Number of protein chains: 2
Amino acid sequence: MKKVEINSIEVARLAGVSRSTVSRVINNYSNVPQKTREKVMKAIKELNYFPNVSAQMLAGKKSRTIGLFMVSSGEIAVDVLTNMMIVSVIENASDLNYYVLTYIIRDVSDEAAINNVREIFYQRRIDGGIFIGTKQDEPFVDELIAEGFIVGIFDQEHTGTPAPNRIVANFNNESGMKQAIAYLLGLGHRQIGLINGDRSRLSGMAKYEGFHGAMRQHGLEIQPDWIIDGDFTEDAGYNAIKELLQRAEQIPTAIIAANDSVAFGAVRALREHGMKVPEHMSIIGFDDHVLSEKHSPPLTTVRVDFKHLFKELMQAVIEQIEQQSDSIKEVRYDCTLIIRDSCRRLD
Amino acid sequence: MKKVEINSIEVARLAGVSRSTVSRVINNYSNVPQKTREKVMKAIKELNYFPNVSAQMLAGKKSRTIGLFMVSSGEIAVDVLTNMMIVSVIENASDLNYYVLTYIIRDVSDEAAINNVREIFYQRRIDGGIFIGTKQDEPFVDELIAEGFIVGIFDQEHTGTPAPNRIVANFNNESGMKQAIAYLLGLGHRQIGLINGDRSRLSGMAKYEGFHGAMRQHGLEIQPDWIIDGDFTEDAGYNAIKELLQRAEQIPTAIIAANDSVAFGAVRALREHGMKVPEHMSIIGFDDHVLSEKHSPPLTTVRVDFKHLFKELMQAVIEQIEQQSDSIKEVRYDCTLIIRDSCRRLD
DNA sequence: CTGAAAGCGCTTACAG
DNA sequence: CTGAAAGCGCTTACAG
């Protein structure tokens, strides 16, 4: 049933030239006369010929494929943000004529999974990789970079000796935190809590430090009981509120959540305790999740522009693949506070 | 910075054997004595050697990569279901030691995009492909199948002459529709409407026909005004209700939506007209979307098991890749009605 | 401008 | 059990 494979020899024969010439027209060499080019193109069309990509690669071409490595434990399917990131990476690559091979890492401590990641690089399946969800300076990623592979990492900054083949991208979370706190202050809040994200991740640490910095800057007292660790999930937000209500003698008038999912969880827990947002508690999230404006109440949040960030990250990675420059690349975006209905003015 | 590539010659040298032997241990040939195998494995470990996948492919091995082609117009990022499907396909492949190259088709009539799809197959980037979101008997897919490529298609059934390299997977939507109608009937509903999905897709057609069949079977009158075409999106559900309320002299007591997103849109439109679900209108969805039980009201819906379906589809595709059998494969799952709070008993 | 030929890194019949 | 060699389908210096 399967037709015999068509190769460049057959195209050459049909066009009445050599394989070298066929290759030259495919690779857009400038020294092929228009006439010859046309003959060859005609043969290519006629035979429905596509060069075998393995042969091309073996002869030195790139795969034009980027690996997307997504570390995500637990029920990823529920997360609208994950989807957006995956799709965004794929589409940005597609716009630049690259393909994406996606690999999901459920557990970074699973040696077999990490070995698969290594294998994908060493086997030359990809020209470079993008990592999402790793912690700052994850050892196996650093190792790959030390080997010379080209890697783009979201939510990471340069530390130690920056390398041109390590491209980092992150948001200015400190600034976002500052905006959130300034806004709350303007509404009369002085008792502000934080449900934090994973501090081994850059954004977790940056938000944590941004919170402390901004609070101090405004001379607001930081109440340790009101700062609760979490991991960026809805459950973490839910549990944090449960814990807070159980433990603290007094509760804050406003809480900043490490992201919108955490905020959703917090609102749910508050509701279960008969407390309404923003009447009894003001809440600010981070990200501006697609569901945030549909949430009840519509969530005030620090918006972050994932699409543009991934676009620039992808561009930088591909530029490095194609040009191998020596410059150190970092993409960084600011955030914007989006005011909706989850915070109230204190009277 | 980049180390010189390590190839099988270096491994052979270090292990004191020939490249043939190195290849034999990598490919698990049985005629290699344990001693030799160990020497070679040691050298492989020591040099951190991974065989170049292009060279392997050129020598006749498979790529162990499956293409995932997702046709999805518009804002895909909002859709939790899409995410689940993509991740489900990737993880099922991963469990079988395969990789996934994902390509998003925004518009099936975009010749450039379709050419990219063809190219991916012809270039031998993948061993087979899975299509999600195509209509029944989409011509460019049929063409690929005619060329002998191995293709798995979700929401499709065999028509014409079934081929072993066309593997279809679908849900028994007629049965789901029957369950929904029987349930409504049991609650006393006799005036039932349908907001349908895209009828050029199998599931759209199957639900449409299932609705008609079940209605007739129960001797219920089908009111053409209450059957509204849509396209499986929330907006379609919203618009359908708007249209219905504007146009119809009388409205049904219950409506079945082609999927949960459509149902959400319908509920939203009803609410805008001051109608509550289920007090003024009963609604049943399809899929059992992750958000359906969190919806207000929690949505009664026909549940469908995507994860298992994709698992079996992936298995069948890979089996065909590895064994090239002549059997015709179809995977088909039943649906189950999940009763929640969006339907009321008529009195 | 263009062809013949080497080379990319594997696998696998073949011969021993 | 194992090595030498052909072959997979390209690209690209080289020579003309």
Side-chain angles (χ1 to χ4, degrees), chain A residues 2-41 43-44 47-65 119 121-127 322, chain B residues 2-41 43-44 47-65 119 121-127 322:
Chain A
K2 190 78 198 62
K3 287 196 313 201
V4 187
E5 298 296 317
I6 285 159
N7 57 26
S8 66
I9 296 183
E10 316 219 16
V11 176
R13 182 153 35 212
L14 181 59
V17 298
S18 71
R19 308 162 71 198
S20 316
T21 300
V22 172
S23 181
R24 288 195 192 93
V25 347
I26 284 170
N27 292 292
N28 269 313
Y29 277 47
S30 55
N31 57 353
V32 182
Q34 190 56 26
K35 269 275 164 74
T36 314
R37 180 177 304 278
E38 276 165 14
K39 273 194 305 189
V40 174
M41 289 307 289
I44 288 176
L47 295 173
N48 197 24
Y49 167 71
F50 293 86
N52 179 306
V53 82
S54 300
Q56 286 185 309
M57 286 183 65
L58 205 52
K61 309 230 115 180
K62 307 279 174 160
S63 67
R64 302 195 73 83
T65 305
E119 191 179 59
F121 278 93
Y122 281 99
Q123 286 183 328
R124 304 280 146 185
R125 282 180 186 273
I126 56 178
D127 298 336
E322 295 180 352
Chain B
K2 191 77 197 62
K3 289 196 312 202
V4 187
E5 298 296 316
I6 284 158
N7 57 27
S8 66
I9 296 183
E10 315 220 17
V11 176
R13 183 151 36 212
L14 180 60
V17 298
S18 72
R19 309 162 70 198
S20 316
T21 300
V22 171
S23 180
R24 286 194 193 94
V25 348
I26 284 170
N27 291 292
N28 269 312
Y29 277 47
S30 55
N31 56 353
V32 182
Q34 190 57 26
K35 268 275 163 77
T36 314
R37 181 176 304 276
E38 276 165 14
K39 273 194 305 188
V40 174
M41 289 306 288
I44 289 177
L47 296 173
N48 198 25
Y49 167 72
F50 292 87
N52 180 305
V53 81
S54 300
Q56 287 185 309
M57 285 183 67
L58 205 52
K61 308 229 115 179
K62 306 281 175 158
S63 67
R64 302 196 72 84
T65 303
E119 191 179 59
F121 278 93
Y122 281 99
Q123 287 183 327
R124 303 280 146 184
R125 282 181 186 272
I126 56 178
D127 298 335
E322 295 181 351

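Note that the structure is a prediction, hence the values are computed from the model and not measured. In what follows, chains carry the letters A, B, and so on, assigned in the order in which the sequence lines appear, proteins first and then strands, with residues in each chain numbered from 1.
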**Euclidean distance, atom CD1 of residue A:Ile9 to atom C1' of C:dA5 [Å, nearest integer]** = 13 Å

**Request:** Round to the nearest Å and state the distance from A:Asn28 atom CG to D:dC10 atom C1'.
**Result:** 16 Å

**Item:** Pairwise C1' distance, D:dT12 and D:dG16 [rounded to whole Å]
**Value:** 16 Å

**Complete:** A:Glu10 CD to D:dC10 C1', in whole Å, measures 14 Å

**Asked** With a 4.0 Å cut-off on heavy atoms, is B:Asn31 in touch with a base, just the backbone sugar-phosphate, or nothing at all?
**Response** base

**Request:** In whole angstrom, give the distance that lies between atom CD of A:Glu38 and atom P of C:dC1.
**Result:** 14 Å

**Prompt:** Rounded to the Å, how far apart are B:Phe50 CZ and C:dC10 P?
**Reply:** 13 Å

**Asked** Residues two or more places apart in sequence or in another chain: which of them pass side chain to side chain donor-acceptor pair (under 3.5 Å) with A:Asn7?
**Response** none

**Request:** Using the test side chain to side chain donor-acceptor pair (under 3.5 Å), find all partners of A:Ser54 that sit at least two apart in sequence or belong to another chain.
**Result:** none

**Item:** Test salt bridge (Lys or Arg N to Asp or Glu O under 4.0 Å) applied to B:Glu119 - qualifying residues, sequence neighbours left out
**Value:** none

**Complete:** Here the distance between atom C1' of C:dC8 and atom CE of B:Met57, to the nearest Å, is 15 Å

**Asked** Any side-chain heavy atom of A:Arg37 within less than 4.5 Å of one from A:Asn28?
**Response** yes

**Fill in**
Protein-proximity profile, nucleotides 11-16 of chain D, B/S/- by nucleotide at the 4.0 Å heavy-atom cutoff, equals BBB---

**Request:** Looking at every strand, decide which applies to B:Ser54 at a 4.0 Å heavy-atom threshold: base, sugar-phosphate, or nothing.
**Result:** nothing

**Request:** Could you state the atom-to-atom distance from CG of A:Asn52 to P of C:dC8 in whole Å?
**Result:** 18 Å

**Request:** Work out which heavy atom in A:Ile9 is nearest to a heavy atom in A:Arg19; give both atom names and the distance.
**Result:** CG1-NE, 3.4 Å

**Request:** Quick one: which residue pairs count as a salt bridge (Lys or Arg N to Asp or Glu O under 4.0 Å) with a foot in residues 47-65 of chain B, not counting sequence neighbours?
**Result:** B:Arg64-B:Glu322

**Canonical and wobble pairing (Watson-Crick, G-U, under 3.5 Å) of DNA chain C, dot-bracket with |** = |||.||||||||.|||

**Prompt:** A:Ser23: what forms a side-chain contact (heavy atoms from CB on, under 4.5 Å) with it, not counting sequence neighbours?
**Reply:** A:Asn27

**Message:** Can you check the distance between C:dA6 and C:dT2, where both ends of the measurement are the P atom (answer in whole Å)?
**Reply:** 22 Å

**Prompt:** When the distance from CD1 of A:Ile6 to P of D:dG9 is rounded to whole Å, what number comes out?
**Reply:** 12 Å

**Request:** Under the ring pair (Phe, Tyr, Trp, His ring centres under 6.0 Å) rule, collect the residues that match up with A:Phe50, sequence neighbours excluded.
**Result:** B:Tyr122

**Item:** Residues forming a side-chain contact (heavy atoms from CB on, under 4.5 Å) with A:Asn31, sequence neighbours excluded
**Value:** A:Arg24, A:Tyr29

**Complete:** Judged by nearest nucleotide, the residue sitting upstream toward the 5' end of DNA chain D, B:Val32 or B:Leu58, is B:Val32

